Amino acid sequence: MPERYDPERVEAKWQAVWERERAFVSEPISRDGVAAQVPESPKAYVLEMLPYPSGEIHMGHVKNYTMGDVIAHVRRRQGFRVLHPMGYDAFGLPAENAAIRTGEAPGVVTRRNIDRIRTQIKRMGWALDWDTEISTCEPDYYRWTQWLFLRMFEKGLAEQRDAAVNWCPQDQTVLANEQVHEGRCERCGAQVELRQLRQWFLRITDYAQALLDDMSLLEDWPDRVITMQRNWIGRSEGARVRFTVDGSGEDLWVFTTRPDTLFGATFFLLAPEHPAVGRLVEGRPECEEVMDYVARAARADMAERGAVDKPKTGVFTGRYVTNPVNGEAIAIWIADYVLMDYGTGAIMAVPGHDERDFAFARAFSLPIVRVIAGDGEDAQTPLDEAYSGPGTLVNSQFLDTMTVADAKKAMADWLSGRDLGEATIGYRIRDWLISRQRYWGCPIPIVHCADCGVVPVPDDQLPVLLPEVDDYTPRGKSPIAANRAFVETTCPRCGGPAKRETDTMDTFVDSSWYFLRYTAPGLSSAPFEREVLDAWMPVDQYIGGVEHAVLHLLYARFFTKVLNDLGLLSTREPFNRLFTQGMITLGGTKMSKSKGNTVAPDAIVERLGADALRLYILFLGPPADDADWNDSGVDGQRRFLDRAWRVVRAAAAAPAGPLPSLAELRADPPALELARRTEQTIAKVAGDIDRFSFHTAISAIQELVNLATKGVAEGALGGAHGPAALAHAARTLASLLFVFAPHAASECWEALGGDRLWVEPWPAAAPEFLEREHVTIVVQVGGKVRDRIEVAPGMSEADLEALALSQERVRAAIGERQVARVIVVPDRLVNIVLGGAKA
RNA sequence: GCCGGAGUGGCGGAAUCGGUAGACGCGGGGGACUUAAAAUCCCCGGCCUUCGGGCAUCCGGGUUCGAGUCCCGGCUCCGGCACCA
């Protein structure tokens, strides 16, 4: 064994061994022409979110994949069959934007980037099954994305419809609701506009309740992700109420969570985008002013329009609706604070009990009526602000004197009895808009025929290949629309001339099912096989960034439920346990290439090795928290590997047999101490990894190394059993360290005479060594620590009390005062509670 | 505004069930080895102190023999959503 640890040589050596011996392949995997056999052993599907192949891995990837690697290694050595795959989320805007700049095809850019990122991933030494590698931009993958889209189309879950949608003027494409933050495109930051367009949607709203209900099936997800999804789905209980327009008799429906306040509805509001607006004002004197307001609302960007503190604006239509409960005619106004995409786009305004309606009523001098009386209020108490607290109904005929809760129910019953409405549930979540007017994505497998309408491409004509184009610049429609050979086709149904759909799919569609394809990479007959899929799903441990809480993590849950309903797989939820990691920052701010404040993993690996980086990234702190990068911290982990190496080297230089029994070791206290610490470390590391406390697991290994180092340096391990204890400590050290620093540990293991550490059973602590020889009893007087005494474990309470009271320092602390009580916690402490002065 | 989370040395953090606050690491100081340096190893590092001890886990209360940990009230910071009827 060389005197110095050389990471460059050692890491290259073991990476070559793993590749040559195909150390981390999984079974079963579906392959063409091969019948898969499901082994008996329990399974562990360990998955990290797949990377976008930008060409460079970053510290977030290092953290993500290293955590997964630890779990996968431990599970494998615990006897599980493990699936730990890797792939690339390869469609998307960055490659396309690069293509627009350079003229190079996105596919060329992407495949080159994949080659680069694969090299970097391999250099980290993660135990991945490279046989299952997938890339979402390849036809053998997106063929099945199209196939799944068609299954949804058949079930009415994919549909094309006109809607007011988010348009990003920078990226020249529509966006899903989930991809807009504070009125801005989450990708480029441009202010999003609303446009009325015909687009493809997946009906995720059909699954809103299931997405809430099935949260109970999840074994371990972070609270905040659950909360974010719950808020995003935004369930609220209320009622639908039908109002009828005076004159035309047209029905306008509203959704309200407060049907109890219906007698307080003094006016009626429509969103500017509401389809009834044009009809209402057509040919009326208000028409011009109303259409002008509508046009202005359409131009305003979403962030501005949505500002909470913005003064209320609106315009009167000159029309009225009848309030169904009291027959009153109330004015219809248009107001931009009413949103077309929530509820029905129309609301009954109850200014007495809704803050926004109150502000609107004040701004336009509309009537305000009290229908709820809070504590100490009655029907006449004036309202200087909207009251939304608890109380009893007033000015509300048959609801008067009821509580709010009772009145909600009574009104819902009253409405449904007269066919004027019903209790219903509203959701905030909107259908998932998946069409994109961009090039580098999965083509939507649909043909538009003048005679047959929207026609799905038959399965046997898949994949619809993404065609070559000359210019990737988006101009409001997908660049592939310019390729006539692609667009002009024949209708699969009638054989007549037809045009292909030219929108591509949101890349989040690609990543909504990739974790299923890992069980059948390259299978040409189906996206996956149910038997093999069921042998792996659900993912046992999923790890990734929290930024996907209401994007990928919601979409993947939706897909899984749809596929379950289609009978394609058995599980209702894709990810049984989820861990969301914190960011690695530099100087407290997010690392970003554009700001130039990044630390490249490559450079660290080159200087100190992958193992030091892997250790450091996990040692930084609790992995769920953000953590700040510190160069000298990695140096510290490199030094730790050197210390571990020296301990192993000392052990290898003095070969010894197995660890003697506890009884034999008692004759050699330094050896016994090391043996005990070794077993304690085994117990602690396993427990810490189970609770994702990698940094304390590494600390424990460091403590073991420190103790062994000290023993070697001081020559304390020269006794009868010293060499055996040292050898045992060194072997255990390598065994535990392996899951964090697999290269160095494999080399150490080999030097100690071991073979293939990655298949070596995970160590179990010998219980007899975990029992302590003696325990420190803390002696408190009046709750303050006054002394510490060493005793054998298991000493009786009476003996402990007597011993504590006999201590000189304790007696001094008690002084002249009286002992009122003595609390004894066996093996831990004695607390002497004092009363007053001695009589 | 609503929802979620967090406040512990110079720094990252530990204390898993209410029982020794500060493990492990970084940085700092001292020592050994060396002609010297690097590397390595060892030791010391919360604050105050009349050297008895006193005070210390964001602040103020409370429960308890005992609180970083539990309860109530505040402050600060981070994240998510936000005119959602």
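The structure displayed is predicted, hence computed values, not measured ones. The sequence lines fix the lettering, A, B, ..., with proteins before strands; numbering per chain opens at 1.
- Between the P atoms of B:rG53 and B:rC43, the separation comes to 26 Å (whole Å).
- Nearest heavy atoms, A:Arg258 versus A:Ser388: NH1-O, 4.3 Å.
- Contacts of A:Arg638 with the nucleic acid, taken as non-hydrogen atoms under 4.0 Å apart, are absent.
- As a whole-Å value, the separation of A:Met583 CE from B:rC78 P is 12 Å.
- If you measure from atom CZ of A:Phe619 to atom P of B:rG27, you get 12 Å, rounded to the nearest angstrom.
- A gap of 15 Å separates the C1' atoms of B:rG62 and B:rU69, to the nearest Å.
- Residue A:Lys409 places its NZ atom among 12 or fewer non-hydrogen atoms of other residues, nucleotides or ligands, all under 6.0 Å distant.
- Ion pairing between a basic and an acidic side chain is recognised when a charged N comes within 4.0 Å of a carboxylate O; A:Lys310 and A:Asp336 show such pairing.
- B:rG10 and B:rG46: their P atoms are spaced 10 Å apart (whole Å).
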| task | Report the C-alpha separation of A:Thr585 and A:Met591 in whole Å, then their side-chain angles, then the decisive distance to 0.1 Å, and conclude whether the side-chain contact (heavy atoms from CB on, under 4.5 Å) test is met. | result | CA-CA 6 Å; A:Thr585 59; A:Met591 289 191 193; 5.9 Å; no
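- Looking at heavy-atom distances under 4.0 Å, A:Gln780 makes contact with a base.
- Note on A:Arg356: a base of the nucleic acid sits closer than 4.0 angstrom, heavy atoms only.
- Rounded to a whole Å, the CZ atom of A:Phe740 is 15 Å from the C1' atom of B:rG25.
- Set against B:rU20, B:rG19, B:rA85, the side chain of A:Arg828 has B:rG19 as its closest nucleotide.
- Comparing B:rC41, B:rU20, B:rC84 by their nearest atom to the side chain of A:Tyr342 picks out B:rC84.
- Remark: B:rU34 base-pairs with no nucleotide; criterion is Watson-Crick or G-U wobble with both hydrogen-bond distances under 3.5 Å.
- One distance of note links CZ of A:Phe619 with CD1 of A:Ile698; it measures 7.0 Å at 0.5 Å rounding.
- At least one test fails for A:Lys312 against the ring of A:Phe364: distance under 6.0 Å to the centre or angle within 45° of the axis.
- If you take atom C1' in B:rC77 and the same atom in B:rU8, they sit 15 Å apart, rounded to whole Å.
- Following rounding to the nearest Å, A:Trp221 (CH2) and B:rG4 (C1') show an atom-to-atom distance of 16 Å.
- In terms of phosphate contacts, A:Arg821 brings a side-chain nitrogen or oxygen within less than 4.0 Å of OP1 or OP2 of B:rC65.
- Among the nucleotides B:rA85, B:rA23, B:rC65, the one closest to any side-chain atom of A:Ile823 is B:rC65.
- Of the residues A:Leu674, A:Leu726, A:Leu707, the one that meets the side-chain contact (heavy atoms from CB on, under 4.5 Å) test with A:Val712 is A:Leu726.
- Of the candidates B:rC41, B:rU16, B:rC84, B:rC41 carries the atom nearest the A:Thr709 side chain, counting heavy atoms from C-beta on.
- The partner of B:rA82 is absent, by the rule that a Watson-Crick or G-U pair needs both atom distances under 3.5 Å.
- A glycosidic torsion no more than 90° from 0 defines the syn conformation, and B:rG9 adopts it.
- Within the 4.0 angstrom heavy-atom criterion, base atoms lie near A:Arg691.
- Contacts of A:Asn831 with the nucleic acid, taken as non-hydrogen atoms under 4.0 Å apart, include base atoms.
- Along RNA chain B, the nucleotide nearest A:Ser699 and the nucleotide nearest A:Asp628 are compared for position; the residue whose nucleotide lies closer to the 5' end is A:Asp628.
- Rounded to an integer number of Å, the gap from CD of A:Glu186 to C1' of B:rC81 is 15 Å.
- A:Val254 comes within 4.0 angstrom of nothing in the nucleic acid, heavy atoms only.
- When the C1' atom is compared between B:rC41 and B:rC78, the two are found 42 Å apart, to the nearest whole Å.
- Among the protein residues, A:Pro222 comes within range of no part of the nucleic acid, since none of its heavy atoms lies under 4.0 Å from any strand.
- Side-chain nitrogen and oxygen atoms of A:His695 include none within less than 4.0 Å of the OP1 or OP2 phosphate oxygen of B:rG25.
- Nucleic acid contact class of A:Gly343 (heavy atoms, under 4.0 Å, all strands): none.
- The C1' atoms of B:rA37 and B:rA32 are separated by 15 Å, rounded to the nearest whole Å.
- Place A:Met340 and A:Val785 on RNA chain B by their nearest nucleotides, and A:Val785 ends up nearer the 5' end.
- Not a single donor-acceptor pair under 3.5 Å links the side chain of A:Asp354 to the backbone N or O of A:Ala349.
- At the heavy-atom level, A:Leu620 lies under 4.0 Å from the strands shown only through sugar-phosphate atoms.
- Of the side-chain N and O atoms in A:Arg639, one or more sit less than 4.0 angstrom from OP1 or OP2 of B:rG27.
- The phosphate of B:rA82 (OP1 or OP2) has a side-chain N or O of A:Arg428 nearer than 4.0 angstrom.
- Summarising the base pairing, B:rA6 is matched to B:rU76 through a Watson-Crick or G-U wobble pair whose two defining distances lie under 3.5 Å.
- Between A:Trp232 and A:Glu178, the side chains place a donor N or O and an acceptor N or O closer than 3.5 Å (distance only, hydrogens not considered).
- Separating the CZ atom of A:Phe640 from the C1' atom of B:rC26 is a distance of 15 Å, rounded to the nearest angstrom.
- B:rC65 adopts an anti glycosidic conformation, its chi angle falling more than 90° from 0.
- The A:Asp336 side chain lies nearest to B:rC83 when the options are B:rG80, B:rC83, B:rU16.
- Rounded to an integer number of Å, the gap from NZ of A:Lys784 to P of B:rG52 is 18 Å.
- Taking 4.0 angstrom as the limit, A:Arg809 places none of its side-chain polar atoms (N or O) nearer than this to OP1 or OP2 of B:rG52.
- Side-chain proximity of A:Leu339 to B:rA85, B:rG13, B:rC41: nearest is B:rA85.
- Residue A:Lys710 is in sugar-phosphate contact alone, with no base atom involved, counting any heavy-atom pair closer than 4.0 Å across all strands shown.
- More than 90° away from 0 lies the glycosidic angle of B:rG46, which makes this nucleotide anti.
- Base orientation of B:rG45: syn, the glycosidic angle falling within 90° of 0.
- Spacing of C1' atoms, B:rG61 relative to B:rC48, comes out at 26 Å, to the nearest Å.
- At a threshold of 4.0 angstrom between heavy atoms, the contacts of A:Arg224 are confined to the sugar-phosphate backbone, with no base atom among them.
- Taking the side chain of A:Arg643 as heavy atoms from C-beta on, and the options B:rG25, B:rG4, B:rG80, the nearest nucleotide is B:rG25.
- In the set B:rA85, B:rG54, B:rG4, B:rA85 carries the atom at the smallest distance from any side-chain atom of A:Ile347.
- Contact annotation: A:Asn706 reaches the phosphate of B:rG25 (side-chain N/O to OP1 or OP2, under 4.0 Å).
- Below 30°, between 30° and 60°, or above 60°: for A:Tyr616 and A:Trp629 the angle between ring planes is above 60°, a perpendicular geometry.
- In this structure, the CG atom of A:Asp625 is 9 Å from the C1' atom of B:rG5, given to the nearest Å.
- Taking atom P in both B:rU16 and B:rG68, the straight-line distance is 13 Å, to the nearest Å.
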